[in-house]
Amino acid sequence: MLDEPQEQAEGSLTVYMISEHSSLLPQDMMSYIGPKRTAVVRGIMHREAFNIIGRRIVQVAQAMSLTEDVLAAALADHLPEDKWSAEKRRPLKSSLGYEITFSLLNPDPKSHDVHWDIEGAVRRYVQPFLNALSAAGNFSVDSQILYYAMLGVNPRFDSASSSYYLDMHNLPHVINPVESRLGSSAASLYPVLNFLLYVPELAHSPLYIQDKDGAPVATNAFHSPRWGGIMVYNVDSKTYNASVLPVRVEVDMVRVMEVFLAQLRLLFGIAQPQVPPKCLLSGPKSEGLMTWELDRLLWARSVENLATATTTLTSLAQLLGKISNIVIKDDVASEVYRAVAAVQKSAEELASGHLASAFVASQEAVTSSELLPVSLCGMDCLFFCPISQHSTLMH
Amino acid sequence: MAAAMPLALLVLLLLGPRGWCLAEPPRDSLREELVITPLPSGDVAATFQFRTRWDSELQREGDTDHYFLRYAVLPREVVCTENLTPWKKLLPCSSKAGLSVLLKADRLFHTSYHSQAVHIRPVCRNARCTSISWELRQTLSVVFDAFITGQGKKDWSLFRMFSRTLTEPCPLASESRVYVDITTYNQDNETLEVNPPPTTTYQDIILGTRKTYAIYDLLDTAMINKSRNLNIQLKWKRPPENEAPPVPFLHAQRYVSGYGLQKGELSTLLYNTHPYRAFPVLLLDTVPWYLRLYVHTLTITSKGKENKPSYIHYQPAQDRLQPHLLEMLIQLPANSVTKVSIQFERALLKWTEYTPDPNHGFYVSPSVLSALVPSVVAAKPVDWEESPLFNSLFPVSDGSNYFVRLYTEPLLVNLPTPDFSMPYNVICLTCTVVAVCYGSFYNLLTRTFHIEEPRTGGLAKRLANLIRRARGVPPL
């Protein structure tokens, strides 16, 4: 295993060159991408050495840093719809923080007495991942257990495997009836991500999710962009042998958290990187997130924040150009100046490659510009429509 | 991990759920109850109570700092289905199993009295209170009217009251019971018949008097298996004698007196009808800032003599920020009426602060009376965990009195209101005056005059001139 020498600055990449016959890499691999912003490329003795090595370095750098499709995904909201496919719309919008909710749905408490050690699982698996992502925002996690919460769809019976299945076409209809009972989105400042674990009722056990070919999905789970994910946990039929209802079910949190963490990565837009040929990709460390993946996320977020802030400021300027007699308070005016300054600073820092300060400045720009339309249309503001310019009371 | 799982299951099967110590996470426990009380007037009162209790690692850090206590009242808010739905969502088995299937909005709001409450409080788990559990109690009380809901017939059943019957208990509840108050009808089955006949009864001192209840336990499998559903019926064999119910030992009234829109007097009457015992009452009043109270006019009289309170706390109001807060501990002598009165002045509000219908008046929140009322019969100290929920909402360790919290009626007070039609009047008058004056001036200044030649008359004019010459009058 190649050792990492020192901490790298955010947004930077270090590439090490090793000799052609070095044994640090396996013989057939030409490059290696490490978990913490470093890469190793094998050199070559050749007439065209510079070109070949240059190509390899460019391939490695493209795999590890900002590319066009990451930018396209970030700006997906601001571009016309037909240009980009639905694939690009999966990541969450940039926000100051997120609230993650884990819910256990038990529609049949008479048959299943379900227990899950969610606190331990969050502490062991989810919290390290969120700590690694902490630069991207504030995260808060909570959990709940809901009883008598049904899916809105009736599963069909498959006599071949004597099990029930949910078709891919039915999956979008599952979410709505459940969402009214989850009850978290009304009371939170930040966007909410819901992860549901559904233990099917005894009459519909076991329940599988089928993909479009009719084969059951390996993880028995699906996710919906910008909302969250649902996993179906089937109770092992051997536990029913005790024949006293309700049976006690201890949920295997490892299996569940594997799926939820993978869905969380996809929801944030941390996609699998395009690994160049003959490249060895080191897996992520125990947190589940490689540092340069976080960098890519922050680049994309900064660009998205800048786009949002400039769009808001531009439309506000156009609106104010049309209304002639509007009174603007001093603090609102200083907010505008602050937003513009933050946008400029963020663009400069992005150009010079200082990722951390660029991201912070872009978040400040978005916060200031989001507040502007609200404070302009406050209750104490007094403005006249051009039509009724002369309709004042004559006392 | 995978190998440990079957082993753990084996241990579980051997020991049962109780063998699972320390590793088990804290579980909620739910108790639910329904108390049905037939009233002498033929009406019936039903009270639901649900208690959820969960353990928490939160330690109680000393006493609550009183700077963080807040008290707020909204005097005139109508309770409707919008309030019932989120209240029901707090129940684990919400409206699918257990007693909560009876909570249907169309029947519950078709009553002459409806009250809902949510209480959250910490409960000590041991004597030294080093670890606490949190308790969430939800109560709902309704009174069904004999004439409106019962259509004049004095037979009641669960189906007639709630249009539902009880089928199965909630799997999450450790206790699920229905209590029917059969105190006055216990001795003879001739006045009230309860169907199906109860298997057990429960006797206790509730609110100072001895009461008997018939118990129907939903978790008792014999109860449900007989008929797959439980529909408790109450039949009056003889019409109940219209005897007045006994007067409670403590009751109160509140009213506003005075005339005009400048001043007034706020009076609260506290009645102690106990023949020989006096007891103290804590009175809490919150008066909005626009009724400016004059505390030097506060008088408390009982039986014609002045009664000095043993404790007064007064926090004056700040305009548009906070209301008056007046809290007093008053000793009520036996068999007496105590009058607490205070004079106030009505303030004039800014024109944007009036409600859409200002002549309806402004509501003043009710006063709250809290007292430990002596009981007729002393209760034995019981284990609060075993007693039913309706007995342990306000537990008192000493059985010789019981705790009561009363709310007086809210008041409606008129404030001096400006004439809101004046802007409209001013606009109409000004526009009329301007139109008339300016219009006339404009006409005078811009009207041009043409000279018109007189026409030579026709035949009629010559005839008229002939007659005029004959009379000697000048011609036309």
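Chain A is the first sequence line, chain B the second, and so forth, proteins listed ahead of strands; every chain is numbered from 1.
In this view, A:K110 and B:E168 satisfy the salt bridge (charged side-chain N to carboxylate O under 4.0 Å, His left out) rule, not counting sequence neighbours. Applying the salt bridge (charged side-chain N to carboxylate O under 4.0 Å, His left out) test to A:E258 and every residue at least two apart in sequence or in another chain returns nothing.
How far CG of A:D113 is from CG of B:L172: 8.0 Å, rounded to the nearest 0.5 Å.
Closest approach of A:Y148 and B:A97 over heavy atoms only: OH-CB, 3.3 Å.
The 12-atom threshold is not exceeded at CG of A:D330, counting heavy atoms of other residues, nucleotides or ligands nearer than 6.0 Å. Environment of CZ in B:F420: crowded, with over 12 heavy atoms of neighbouring residues, nucleotides or ligands closer than 6.0 Å.
Of the atoms belonging to A:S180, it is backbone heavy atoms, and not side-chain ones, that fall under 4.5 Å from chain B. Contacts of B:S94 with chain A are made by side-chain atoms alone, with heavy-atom separations under 4.5 Å and no backbone atom involved.
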